[in-house]
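Numbering of residues begins at 1 and proceeds along the displayed sequence. Note that this is a predicted model, so its numbers are computed, not measured.
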Amino acid sequence: MKILYVTDALAIWGGTERIIVDKANYLAGHYGYDVHVVTANQGGHPVAYPLHPSVIHHDLSIRFHLQYQYGGIKRFIKSRQMYRLYEERLVTIDIY
């Protein structure tokens with residue numbers, strides 16, 4: 001079975017990140033499932049909790065937070081560009 005988790009980032013020591021990593025590790029280690037975790041904003045930051053060696057992590061490196069340095073219509077345009085890039089990169093991930 002293949003399982004795909006999509007989240008913002010795994011760099012923060014928080015509850016959502018911990019649950020995703022725990023579930024991914026359990027499903028990969030205990031059941032041998034093919035587990036992939038996709039992040040959009042991980043960047044060069046390390047994953048806060050250790051991933052099982054068979055869990056595959058993909059980072060799209062979108063950096064959505066950069067849109068907030070702009071105001072008004074320029075922010076809207078940048079936001080649309082980033083979401084378009086997100087969609088393009090998401091469909092090109094090789095999980096099959």
Side-chain angles (χ1 to χ4, degrees):
M1 178 180 284
K2 293 185 181 212
I3 298 175
L4 174 67
Y5 289 100
V6 180
T7 187
D8 183 48
L10 294 174
I12 301 168
W13 293 87
T16 303
E17 294 79 7
R18 180 62 183 224
I19 295 298
I20 290 172
V21 169
D22 283 350
K23 288 176 73 175
N25 288 344
Y26 182 77
L27 294 172
H30 188 71
Y31 292 109
Y33 291 165
D34 185 14
V35 181
H36 296 257
V37 178
V38 176
T39 56
N41 294 314
Q42 188 73 23
H45 303 288
V47 176
Y49 303 101
L51 287 170
H52 188 274
S54 66
V55 174
I56 301 170
H57 176 234
H58 308 273
D59 183 41
L60 303 179
S61 297
I62 304 296
R63 299 176 61 184
F64 282 110
H65 65 279
L66 294 179
Q67 68 182 317
Y68 298 110
Q69 66 186 346
Y70 304 104
I73 191 73
K74 189 164 185 174
R75 180 185 297 175
F76 176 76
I77 293 168
K78 285 290 185 183
S79 172
R80 295 302 309 148
Q81 290 172 342
M82 288 179 174
Y83 278 105
R84 196 169 301 120
L85 181 62
Y86 176 74
E87 291 172 352
E88 290 171 4
R89 289 184 181 175
L90 191 59
V91 298
T92 61
I93 294 174
D94 184 24
I95 60 169
Y96 301 104

Show me the donor-acceptor pairs, under 3.5 Å and distance only, between side chains in residues 74-88 and residues at least two apart or in other chains.
from	atom 1	to	atom 2	distance (Å)
R75	NE	Y70	O	2.9
R75	NH2	Y70	O	3.0
S79	OG	Q67	OE1	3.2

D22 CG to N25 CG distance, which is reported to the nearest 0.5 Å
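Separation between the atoms: 6.5 Å.
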
Before you tell me yes or no, could you show the steps for L60 and I93 under side chain to side chain contact (heavy atoms under 4.5 Å, CB included), namely the whole-Å CA-CA distance, both residues' side-chain angles and the distance that decides it to 0.1 Å?
CA-CA 9 Å; L60 303 179; I93 294 174; 3.6 Å; yes

Contacts of T7 that satisfy side chain to side chain donor-acceptor pair (under 3.5 Å) - sequence neighbours left out
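None.
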
Can you name the residues that form a side chain to side chain donor-acceptor pair (under 3.5 Å) with H45, not counting sequence neighbours?
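If we apply the side chain to side chain donor-acceptor pair (under 3.5 Å) test to H45, skipping adjacent residues, there are no hits.
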
Using only heavy-atom distances, determine whether the side chains of H57 and T39 contain a donor-acceptor pair under 3.5 Å.
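Side chains of H57 and T39: pair found under 3.5 Å.
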
Please enumerate all residues that pass salt bridge (Lys or Arg N to Asp or Glu O under 4.0 Å) together with R89, with sequence neighbours excluded.
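Per chain and number, R89 pairs via salt bridge (Lys or Arg N to Asp or Glu O under 4.0 Å) with no residue.
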
Which atoms form the tightest heavy-atom contact between E17 and A9, and what is the distance?
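Here E17 and A9 meet closest at CG-O, 3.5 Å.
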
Partner residues of D34 under the side-chain contact (heavy atoms from CB on, under 4.5 Å) criterion, sequence neighbours left out:
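Scan of D34 (side-chain contact (heavy atoms from CB on, under 4.5 Å), adjacent residues dropped) gives K2, H36, I56.
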
Quick one: does N41's side chain have a donor or acceptor within less than 3.5 Å of a partner on R63's backbone?
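Yes.
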
Connected hydrophobic set around Y5, excluding itself, where side chains approach under 4.5 Å
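Joined to Y5, directly or through intermediates: M1, I3, L10, W13, I20, V21, Y26, L27, Y31, Y33, V35, V37, V47, Y49, L51, V55.
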
